[in-house]
Amino acid sequence: MSVIISEATVLTESGEQRLDVRIDNGVISELSVSIASSGDDVVLSAQGCHVLPGFVDLHTHLREPGKEDSETIETGSRAGAKGGYTALVAMPNTTPAQDSIPIIEFVRAQGRRAGLVEVVPSGCITVGRAGVALAPLADLARNGVKIFTDDGSGVQDPAIMRRAMEYSRELGITLAQHCEVSALTAGAVMNECSCSSEMGVPGWPALAEELMVHRDIELAKLTGARIHFLHLSTAGSVHLVREAKKAGLPITAEVTPHHLSLTEELLRSFDSTFKVNPPLRSAADIEALKEGLLDGTIDAVATDHAPHVKRDKELPLDQAPPGMLGLETALGVVLSTVPMSAAQLATVMSTNPARIAGLSDRHGMLAAVGRPANLCVVDLGAQWSVDPQQLASKSTNTPFVGRTLRGKVRHTIFEGVVVVNEGVAQR
Ligand code: DOR
């Protein structure tokens, strides 16, 4: 029994081609203009659709262990598969945090049990993400962890960050920084701007992000370490990364769909759906982020999928937790916001993030015979609107409800298995 994708536009290394795709035993076994099916094959219609490498999210909060009322590894995996993802890097701000081998192995095992995407746990940089003592980086690296972060907060102490960078070089791992100098953001609920002054609420200045981006670029220069910047949100950060890349430093960066598409003005409603960390910024920041994504300064789109239960997001703006959903809307928001070809989309949502997360041997590859079948089939022109009732995520805190988006996932194939068929999760 094979899986056959019929009448697709397949993105290959020689460009877009009108082909059928046959998948056997988890691998692409044939690519040809027309593939005949036999009775027990699963045939997926892909008319009008592109076959792309499955998306890879560098930044997903799956909440398990600890906050299973907002998301579980299974529900988050299903949301990911519906969004066209075949791999999700699980952020470490779980309870307990992902700073030990048993927790890392638990997250991986729950991912395998769900069987919808590859769940790739990140490790903490510091014990308990407390910023005081280094986590057992070497033990975790030996256990297969390739990307480390204290996301949810940045590593404040430059001496600890320097030490982590020195070890990271030896261990061949990537450190991913949440750039926020916390002394500058205490109590902040939104961007520091004229809106925050008029609303009389504490603001989160762009500088709080940019100071840490600058510090870590300097530390990367000193140590030779690879650093990835999570969810960049300001024009100043884009400028710093552009200059650092020009200088040849091994730096990568990501942007979220919401920072590409939503402005600080939305906070005027005092609706905590729009509260996120780092905060939504100005229209000028959005322009710089888009430009950075299109010119390669920013390598990847990452969701920062951050589910929260309704009762928490209904709290007043100053008490509600920051974060919004992202996995099921990422493709639509990105395509509705930034003009991109199928090839550019595959680069920023799959190939580059797979490389940054150390997954290039099985994710992010353009279709070719013999390659692992981690694929998504997407209709880049389809318009749809977000219905919170239809979300696979356990939470509904998305700011995109009711918006019309362009670009929809039709099928997702993970390790050769059809996990989403016609937009419907199969398990
Ligand atoms: O908005 C955010 N929510 N930003 C983060 O860095 C953490 C995340 C969360 O865990 O909810």
Side-chain angles (χ1 to χ4, degrees), residues 57-73 75-76 79 88-99 107 121-122 124-126 128-131 147-156 175-182 184-191 204 208-209 212-213 228-234 237 253-262 264 266-267 271-281 302-315 317-327 329-330 393-400:
D57 192 23
L58 284 166
H59 199 141
T60 309
H61 296 276
L62 289 172
R63 302 295 190 225
E64 184 180 350
K67 275 255 167 93
E68 292 85 350
D69 51 347
S70 58
E71 197 78 287
T72 64
I73 289 172
T75 59
L88 305 175
V89 176
M91 288 292 107
N93 58 340
T94 48
T95 312
Q98 290 169 195
D99 62 3
V107 170
S122 61
C124 297
I125 297 175
T126 68
R129 300 174 44 253
I147 186 159
F148 290 74
T149 177
D150 275 1
D151 182 60
S153 35
V155 177
Q156 303 299 310
L175 301 180
Q177 187 70 284
H178 165 122
C179 295
E180 174 180 1
V181 173
S182 58
L184 288 170
T185 62
V189 300
M190 65 179 290
N191 189 29
W204 200 125
E209 175 172 304
M212 196 170 281
V213 172
H228 175 70
F229 291 123
L230 300 166
H231 48 43
L232 291 186
S233 67
T234 79
S237 295
E254 66 180 42
V255 63
T256 69
H258 49 270
H259 288 112
L260 286 169
S261 59
L262 305 175
E264 64 206 5
L266 291 161
L267 272 299
D271 181 347
S272 72
T273 308
F274 301 108
K275 182 178 177 185
V276 65
N277 197 20
L280 302 179
R281 305 282 189 185
T303 67
D304 196 1
H305 178 84
H308 290 289
V309 292
K310 212 163 181 219
R311 64 173 182 280
D312 285 351
K313 272 304 211 181
E314 281 172 355
L315 290 167
L317 197 55
D318 59 335
Q319 292 163 41
M324 43 182 72
L325 303 184
L327 290 169
T329 50
S393 174
K394 215 168 177 184
S395 295
T396 55
N397 55 307
T398 166
F400 298 107

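One-based numbering, in listed order, for ligands and for the atoms of each. All heavy atoms count here, side chains included; hydrogens, waters and symmetry mates do not. Predicted, not measured: the structure shown is a model, and the values here were computed from it.
Scanning the protein for heavy atoms near atom 4 (N) of ligand 1, the closest one is Asn277 O, 2.7 Å. Taking atom 10 (O) of ligand 1 as the reference point, the nearest protein heavy-atom neighbour is Asn93 ND2, 2.8 Å. Arg63 NH2, 2.8 Å is the protein heavy atom nearest to atom 11 (O) of ligand 1. Of the protein's non-hydrogen atoms, His61 NE2, 3.6 Å is the one closest to atom 8 (C) of ligand 1.
With Val89 as the fixed residue, the side chain to side chain contact (heavy atoms under 4.5 Å, CB included) test singles out one of Thr149, Asp151, Ile147: Ile147.
Considering backbone and side-chain atoms together, Ala306 places no N or O closer than 3.5 Å to any N or O of ligand 1. The shortest N or O to N or O distance between Pro322 and ligand 1 is below 3.5 Å.
Near Gly323, with a cut-off below 4.0 Å to any heavy atom, the atoms of ligand 1 are 1 (O), 2 (C), 3 (N). Atom numbering of ligand 1 starts at 1 in the shown order; those under 4.0 Å from a heavy atom of Val276 are 1 (O). Distances below 4.0 Å separate heavy atoms of His178 from the following atoms of ligand 1: 6 (O). Residue-ligand proximity, Asp151 to ligand 1, at heavy-atom distances under 4.0 Å covers atoms 6 (O).
Under the 4.0 Å criterion applied to side-chain N and carboxylate O atoms, Asp271 and Lys313 are not assigned as salt-bridge partners.
Judged by the shortest distance from any of its heavy atoms, Gly152 lies inside the 4.0 Å radius around the atoms of ligand 1. Between Glu180 and ligand 1 there is no heavy-atom distance shorter than 4.0 Å.
When all heavy atoms of Cys124 and Pro92 are compared, the closest pair comes out as SG-CB, 3.8 Å. Across all their heavy atoms, Ser272 and Glu314 have their closest contact at OG-N, 4.5 Å. Taking each heavy atom of Gly76 and Leu88 in turn, the nearest pair found is O-CD1, 3.8 Å. Between Ser395 and Ser70 the shortest heavy-atom distance is OG-O, 2.7 Å.
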Chi angles and distances behind the side-chain contact (heavy atoms from CB on, under 4.5 Å) call for Phe229, Met212:
CA-CA 10 Å; Phe229 291 123; Met212 196 170 281; over 6 Å; no
Evaluate the side-chain hydrogen bond (donor to acceptor under 3.5 Å, both in side chains) criterion for residues Arg281 and Thr234: first the C-alpha distance (whole Å), next the side-chain angles of each, then the deciding distance (0.1 Å), finally the verdict.
CA-CA 7 Å; Arg281 305 282 189 185; Thr234 79; 6.0 Å; no
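Of the heavy atoms in His231, only side-chain atoms (C-beta onward) come closer than 4.0 Å to ligand 1. Under 4.0 angstrom from ligand 1, there are no non-hydrogen atoms of Met324.
Side-chain atoms of Asp150 come within 3.5 Å of backbone atoms of Thr126 as a donor-acceptor pair (strictly under, hydrogens ignored).
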